Peer 1: 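What follows is a single structure, and I will ask about it in a moment.
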Amino acid sequence: MAKKSSYILFKLGNDTFAIDVLNVIQTLETEDLTPLPKTPEFVKGIMIFRGNILPVIDLRLKFNIKNTQELNKGFIIVTKFFNNEKEQEIGLIVDSVLEVSDFDAYDIGTYPEIGSKYNLEFINGFVKQDDEIITVLNIENILSSAEIEILKKSTEKIEFDIENE
Amino acid sequence: MFNEQKKLFVQEVTDLLLKVEKDLLLLENDSTNNDIIQDIFRAMHTVKGSAGVYNLEKTVLLAHNFESLFENIRKQELKVTNEIITLTLQANDTLLRLINADTETIIDDSEIEYLISQINSIKVQITSKVRTSVNITNFKTFYIFFEPNLDIEERGIGIDGIINDFADFEYKTISKKTDFERRQKGKHEKFFEIIVSSTYTEDEIKAVFLFVPNEYEIIEIANFNIFEKTDFNEFYFSAVDIVPEKEQRIELLKDFCNIFKEQSQFEALPEEAKSDADVLIGAEEIEKDSKSETQQIEQIRVPASKLDELLSLVSELIINNSQLTKSALNKDYEKITILSENISKITNTIKENTLSLRLIPVENIIPPYKRLIRDLSLKFNKKIYFIADGVETLVDKNIIEKLFTPLSHIIRNAIDHGIELPEERIKKGKGETGIIRFIAFYSSTNVFVQIQDDGRGINPEIVKNTAIKMGLIKPTDELTKKEIYDLLFIQGFTTAKNLTEISGRGIGMDAIKKSIQDLRGDVEIDSEAELGTSVTIKLPLTLSIIESMHLTAGNLNFLIPISNINQCLKFNSEEVKEFEKNKILLNNELIPIINISKVFNLKHNEAQNNLIIVNHGQTKTGLLFNNIIGEYQAVIKNLGSIFREYDFFIGASILSDGSIGYILDTYKLINKLTTAK
């Protein structure tokens, strides 16, 4: 028997992506975010989610997608993943959330190595549904890559030129 | 259901066993204290009984043997020896492991058999050893007044003979006095006062005075050995001088003994600081690290009164809240204002109450350290006296838990590298027993925990030379003593091989620093060569709430801990000149100014005219903000692990209007800026 899993489908620009619902806590409409200084551009800031701080990153910026919509509109998918054995929650900004679909594990094909516009590390494979190619994302890899960039940025020295101020 | 019960059982038995451990360590110094012996006996009995309910055969078997050993001690067939303490501590550890394991098979049969055979061999030793020696705990102290008649010599009785009968007593005081008043009347009378502690009964002592039955008085003044408790002689002779009346003097002596009687009762209580272990040497080396490294406190005992108070506060809150809803419907703004004031008062009290629930005395972590010190001093053949001061200091439970490991490292270092061997100490003219002192105290909004030893100290020159060799500093660098000792915290500094021979701290000072900083604290070393070392840990009172000043810069809200703020100034135009150079002259001190909006690249349209002067170690720094909103009690929220390197933010907090404010760690921010330059 093939193993079925549920995936949440969403749009970034013109492309459709999917992530495993096991990684998803909730989807929200975009709220006002408080920017966090000295972070990479794709980090849009933080917000309060269920009484705690939720970091929010813009997947479109992380994927360098030139989107048609205004950058600040969109939806937030609140995801969770394990990082150093600790559960970490992160909000992902996407253009729109479509639906939840069930795929067979066997249906997920390997993504071609050549000609991919996205970093292959971020991708688990693809699924074809109604003549549309849906890219299944590897959320852990995306977020750990984001984390590395954030850490790199945070160790950058804060330039503070006393003389020219 | 069964699982819940089992959990409770494990918790209770664990508590009991930890208490037994504490008692055993107390007993080591106070080996005749019957109360402690009784406590241990009863605890083991309970452990045995309740383990039986859960069919924990191994636990029952070991606890039974443990209990019967203490039965012998209780009946005074057996004296508490160092060997017994070491063995029972070991057995206690095994019991703890048995109880906390999912299944008893985790412990090998051979371990339990070994422990039981050891217990039995002690019992055999003793039973063969004669059960004679009189009950040593049955000491009594008598006051004897002996006033021989003048014709005593004529009757052929030697006064010296009688007095000499007491010479063999180990604990005694004999005073010979001439009664001045009577001498004035022309009589040369003498009297003797004898205070003696022994296991003899009153009748046995009376036998000494067989031939002078009417010339003495005997009164029991204490049912223990007063000479062991204190320097009784000194007290007695001063009492004789001050209180000439015999009856009054007897009363005084009785009162004096009573003081110590009460003290000996207190000694049985665990709180008594008297328990500080003077660790004896000579017993076989025992297993190291028997104690797990993290001391998790899973349950907190809360006084019922506090819970009642909380409950009544909550019900008050509910009442106010329903009134508020009603008033809001009626749009009764006046009422709403009053109610909201009420509610904020109540929530404040609830907050303080809830926080105080988390505070527990540092005393909770002392017993494992006593054990650690005992074990390590046996291992290293060192004599160590452990003193704990300020154990009643209350600290957040989370902090106490996380403090356990760094403190064990510090204590380990002090024993391994600090305290010298007894011979070495004597050569240096120190007492052969080294002292490790644990001190906890409050200062402003911080708790300080200090570990002091009187060992060989750390020679700053050696530290400096090593740092030069490692290329951390240049030979020409002038460093203060504090800066030199701070070098010890640099990662990798301690791992170099040649460092083990420095008096220095062997393991992971950088790890200690890191874990203390994670608690938003700081750690400092101070040392005097040959006099000892002290490691001071500074910690916040609680981890979850911070008294702060709410400020704005650009479009962001910031919070600065009040404890960091030196003063708030309105930036005024007269100082423009200094300001342009990013310095301000304040009380003859040139203070650098950091514009927060610029540092964080924030849009700033408004005038930046609020200067917050913060303390940065010994110096001050000015931070420029747009507006000061006011004081705010910030509940700290973690930024999340992906932002863990943004350590110039302690975290964020939700402000009263629902927006987010960043809590600045000014110390780290300024450090980051100055190292960037």
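Not measured: the values here are computed from a predicted model. In what follows, every heavy atom counts, from backbone to side chain, and hydrogens, waters and symmetry copies are set aside. All chains are named by letter (A, B, ...) in the order of the sequence lines, taking the proteins before the strands, and each is independently numbered beginning at 1.
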Peer 1: For A:L36 versus B:F649, what's the shortest heavy-atom pair and its separation?
Peer 2: CD1-CE1, 3.4 Å
Peer 1: Please determine whether the number of non-hydrogen atoms from other residues, nucleotides or ligands lying under 6.0 Å from atom NZ of B:K668 exceeds 12.
Peer 2: yes
Peer 1: Among B:I596, B:V599, B:L556, whose side chain to side chain contact (heavy atoms under 4.5 Å, CB included) with A:P37 holds?
Peer 2: B:L556
Peer 1: Answer yes or no: does atom CD of A:E132 have more than 12 heavy-atom neighbours from other residues, nucleotides or ligands under 6.0 Å?
Peer 2: yes
Peer 1: What closest approach, in Å, do A:I53 and B:K637 show between heavy atoms, and which atom pair accounts for it?
Peer 2: CG1-CB, 3.4 Å
Peer 1: Given that the side chain runs from C-beta out, which part of B:L639 has a heavy atom under 4.5 Å from chain A: side chain, backbone, both or neither?
Peer 2: both
Peer 1: What closest approach, in Å, do B:F643 and A:P55 show between heavy atoms, and which atom pair accounts for it?
Peer 2: CE1-CB, 3.3 Å
Peer 1: Could you check whether atom CG of A:D131 has more than 12 heavy atoms from other residues, nucleotides or ligands sitting under 6.0 Å from it?
Peer 2: no
Peer 1: Taking A:L143, A:I148, A:D32, A:I48 one by one, which has the highest count of heavy-atom pairs under 4.5 Å against chain B?
Peer 2: A:I48
Peer 1: Excluding sequence neighbours, so at least two apart, what forms salt bridge (Lys or Arg N to Asp or Glu O under 4.0 Å) with B:E645?
Peer 2: none
Peer 1: Run A:T39 and B:Y646 through side-chain contact (heavy atoms from CB on, under 4.5 Å) and show every step you take.
Peer 2: CA-CA 9 Å; A:T39 45; B:Y646 289 78; 3.2 Å; yes
Peer 1: How far does CD1 of B:I642 sit from CD of A:Q88, to the nearest 0.5 angstrom?
Peer 2: 5.5 Å
Peer 1: Checking side-chain contact (heavy atoms from CB on, under 4.5 Å) for the pair B:N601/A:K38: CA distance, chi angles, key distance, verdict?
Peer 2: CA-CA 8 Å; B:N601 302 326; A:K38 299 288 161 194; 3.4 Å; yes
Peer 1: Go through the structure and list residues passing side-chain contact (heavy atoms from CB on, under 4.5 Å) with B:S515, not counting sequence neighbours.
Peer 2: B:P406
